[in-house]
Structures are given as structure tokens and as C-alpha cells.
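Quick note on labels: first sequence line is chain A, next is B, and so on, each numbered from 1.
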Amino acid sequence: MRLQYPTDIRIIQVPCTGKVDIIHLLTAFEEGADGVFVAGCLEGDCHFLEGNLHAKKRVQRVKEILDKVGLGVGRLEMYNLSAGMGPRFAEIAREMDQRIRELGPSPIRKAKASLPKAETEMRV
Amino acid sequence: MIRAVGKPLEEVIGMVQDYPRILVAGCDGCVTVCEAGGLKEVKVLAAALRLYFTQQGEPKQIDETSLTRQCDKEYLAQLGDRIDGYDAVLSLACGCGVQFLADMYTTKPVYPGVDTTFLGVTEERGVYTERCQACGRCILADTGGVCPIARCSKRMLNGPCGGSDKGKCEVNPEMPCGWQLIYERLKALGQLDRFEQPITPKDWTTSRDGGVRKIVREDLRV
């Protein structure tokens with residue numbers, strides 16, 4: 001189809017959105033992502049039955065956390081579309097790109113950029 | 001097992017906001033099973049705190065760990081060589097673990113990251129219900145395996161009260177009447193005659209009425 005969508009979107013493949021965990025989404029924001037969208041299969045069409053429904057709940061939970069930490073709920077969204085809906089994917093990518101541009105760069109990335117590196121390290 | 005729920009993020013932020021170096025310490029025991037205070041919840045809370053404080057322009061060192069149990073000294077001792085590197089510890093263990101951690105590291109501020117709620121079971125993932133109040137003298141043998149102390153809102157030993165309606169408790173119409181459950185269970189067991197023998201007044205000294213409880217097992221001591 002050679003559809004065009006914004007080049008600043010990085011795709012991370014997972015076998016099913018049911019694999020996407022809360023910590024994956026939070027880590028993306030910690031690493032400075034301006035926004036994240038989770039693209040799951042259509043509801044009712046999950047190959048693993050309920051993976052996309054689990055993802056929906058986790059996205060909602062992370063939205064609540066993002067709201068409480070001051071990042072707002074707009075930087076994260078879940079969409080449902082099938083693997084055959086390429087034009088819709090490109091449309092969602094453009095829509096999300098536009099939304100994030102309106103929200104501006106991640107305040108986390110901006111805050112980290114103004115700090116010495118040692119202060120932003122994570123230790124486990 | 002002990003059941004707990006994570007404290008609201010705002011409350012946790014309020015507790016630790018004055019400390020630049022914080023260790024978030026989970027417990028791999030009960031609170032991991034109910035997904036309130038295991039390593040995963042530690043990672044989520046630590047990430048949320050880092051996001052918050054970074055966003056506020058006050059980045060902190062917020063590190064993560066989880067101990068096998070926080071209610072045993074040998075596991076708490078594993079923090080000995082690193083705890084001095086932190087200004088405060090946020091423990092996601094139950095109230096027992098938080099206190100034992102504070103007992104061992106007396107000069108280190110220790111804060112609870114969860115609300116310890118009850119002793120209960122997993123009805124299904126994410127749904128937990130109370131089953132035991134640890135009263136210290138089990139009477140389940142007399143009540144068909146259904147505890148009136150934990151499952152009757154009034155802890156009646158000889159129920160039901162007059163508030164039971166269609167098998168539900170007057171305290172909450174969603175809550176099953178404990179004594180209805182006992183009746184149905186005894187009926188299924190063919191032991192309804194137990195209702196003819198009232199349960200005698202309970203000795204509450206084995207419960208909280210007797211003060212702080214302690215078990216000493218001489219056969220186990222080393």
C-alpha cells in the first residue's frame with residue numbers, strides 16, 4: 001500500500017497487546033517518549049481471546065497514573081484495528097502525532113535534559 | 001494470606017517528598033500474591049514516583065528491590081550493606097514487614113506503601129475476600145467451616161440476627177449473610193442439629209482483647 005505516516009513514530013512489535021504491561025508503558029515515558037499508542041486487534045477478534053481487553057485495562061490504569069504524576073492522560077491512547085486495516089493505522093498514526101504535537105514535547109525529557117546525567121540514572 | 005492494596009499515589013508522594021534518595025522495597029510473600037507489593041508493583045510505583053518528581057523538577061534517586069519476605073530477619077538483613085545509601089525506605093510489605101524493617105534499621109525512616117487490609121482468599125484474579133480475623137481460637141469445627149467472626153458483620157456466635165434479608169447482610173446488600181452461609185453449609189452436611197447446641201461465649205483473650213499476641217514454640221527454637 002505504501003501508506004505514509006509520520007516518521008517520528010517508533011514501532012515496537014509485541015505478539016499481542018496482552019503482552020503490554022503497565023511497566024512497559026511507564027518505562028517508555030520515563031525514557032522520554034512524548035506519547036505512546038497501543039494498537040490492538042479489534043475487540044472480539046483477539047487471537048488469544050482477551051489480550052486486547054487486558055491491554056485496554058492496563059492502558060486505563062497507566063492513564064490514571066500519568067494523570068496523577070502530572071503528565072496528563074492525553075499522551076497515551078489505545079486503538080483497536082485489524083492487521084488488514086493499513087489505512088486506518090496510518091490515520092491513527094497521523095492523529096496521534098498531531099495530538100502529541102499539540103501537547104508539546106515530553107516534560108520528562110525536557111526536565112532530564114536540564115540535569116546532570118548521574119541524577120537521572122535508574123538503578124535496580 | 002494477608003491482603004493489601006496500594007496506597008493512593010498522592011499519599012505516598014506526601015510521605016517521601018522530602019527525601020532525595022529513596023529505596024522502594026517490596027516483599028515476595030503475601031503482597032506479591034495479591035499484586036499489591038511485589039517486585040512488579042515496586043517497579044510501577046518507583047516509575048510513577050520518578051516521573052512525578054522529575055516532572056516537578058526535583059529528580060530523586062528512587063531505587064527498587066524486593067525481599068523474599070520482610071517478616072523474617074534473615075531477609076531484611078540483606079539490605080544491611082546498602083540501606084545507608086538511602087534517606088528513607090518505602091516498604092510495600094504488609095504492616096508486619098514495614099514494622100520489622102523499621103525495627104531492624106532503627107535510624108532509617110520507613111514508610112508504608114500499601115494499606116494492609118485483611119486475611120483472605122483469591123475469589124478470582126483481582127478479587128479478594130476476607131475469611132479470617134486471626135481470633136486465636138478457631139471455631140470453624142462448630143460452624144460448618146464458615147467463620148462467623150470473619151463473615152458475620154456483627155461477629156455473632158449464634159446467628160443470624162434479624163437483619164438478614166434473602167441471604168444478604170443488612171450492612172451491605174451485596175454481602176452474603178455469614179450465618180446464612182453457615183446454615184446452608186450445615187444443611188448440606190446434614191448437621192443442622194448443631195443449631196440446637198448454642199455456641200458458648202467466646203474467650204476473646206486470644207484475640208486482640210488479650211493485648212499483643214506472641215507464639216513461643218520451644219520445639220522450634222534454636
Checking an interface table here. Which of residues 3-13 of chain B come within a heavy-atom distance under 4.5 Å of chain A?
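When heavy atoms of chain A are the reference, residues 3-13 of chain B contributes Leu9(B), Glu10(B) within the under-4.5 Å range.
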
The interface call for Leu66(A) against chain B, heavy-atom contacts under 4.5 Å, is side chain

Quick one: what part of Arg61(A) sits under 4.5 Å from any heavy atom of chain B, side chain, backbone, both or neither?
side chain

Rounded to the nearest 0.5 Å, how far does [atom2] of [Y] lie from [atom1] of [X]?
{"X": "Ile108(A)", "Y": "Arg50(B)", "atom1": "CD1", "atom2": "CZ", "result": "11.0 Å"}
{"X": "Leu51(B)", "Y": "Ile65(A)", "atom1": "CG", "atom2": "CD1", "result": "9.0 Å"}
{"X": "Lys112(A)", "Y": "Thr54(B)", "atom1": "NZ", "atom2": "OG1", "result": "6.0 Å"}

All pairs passing salt bridge (charged side-chain N to carboxylate O under 4.0 Å, His left out) where residues 38-55 of chain A contributes a residue, at least two apart
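Checked against salt bridge (charged side-chain N to carboxylate O under 4.0 Å, His left out) - neighbours excluded - the pairs reaching residues 38-55 of chain A are Glu43(A)-Lys56(A).
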
What pairs meet the ring pair (Phe, Tyr, Trp, His ring centres under 6.0 Å) rule with one or both residues in residues 58-88 of chain A, with sequence neighbours excluded?
Phe37(A)-Tyr79(A)

More than 12 heavy atoms of other groups within 6.0 Å of [X] [atom1]:
{"X": "Phe53(B)", "atom1": "CZ", "value": "yes"}
{"X": "Arg208(B)", "atom1": "CZ", "value": "no"}
{"X": "Glu123(B)", "atom1": "CD", "value": "yes"}

Does any part of the side chain of Lys40(B), heavy atoms only, come nearer than 4.5 Å to the side chain of Ile23(A), both counted from C-beta?
no

Min side-chain heavy-atom separation Leu49(B)-Val69(A) under 4.5 Å
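A side-chain contact is absent here, since even the closest heavy-atom pair is not under 4.5 Å.
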
Using only atom types and a distance under 3.5 Å, with no angle test, would you say the side chain of Gln55(B) pairs donor to acceptor with the backbone of Gly70(A)?
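Yes, Gln55(B) side chain to Gly70(A) backbone: donor-acceptor pair under 3.5 Å.
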
Output every pair passing side-chain hydrogen bond (donor to acceptor under 3.5 Å, both in side chains) with a member in residues 88-106 of chain B, not counting sequence neighbours, ordered by first then second residue.
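Every pair satisfying side-chain hydrogen bond (donor to acceptor under 3.5 Å, both in side chains) with a residue in residues 88-106 of chain B: Gln70(B)-Ser91(B).
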
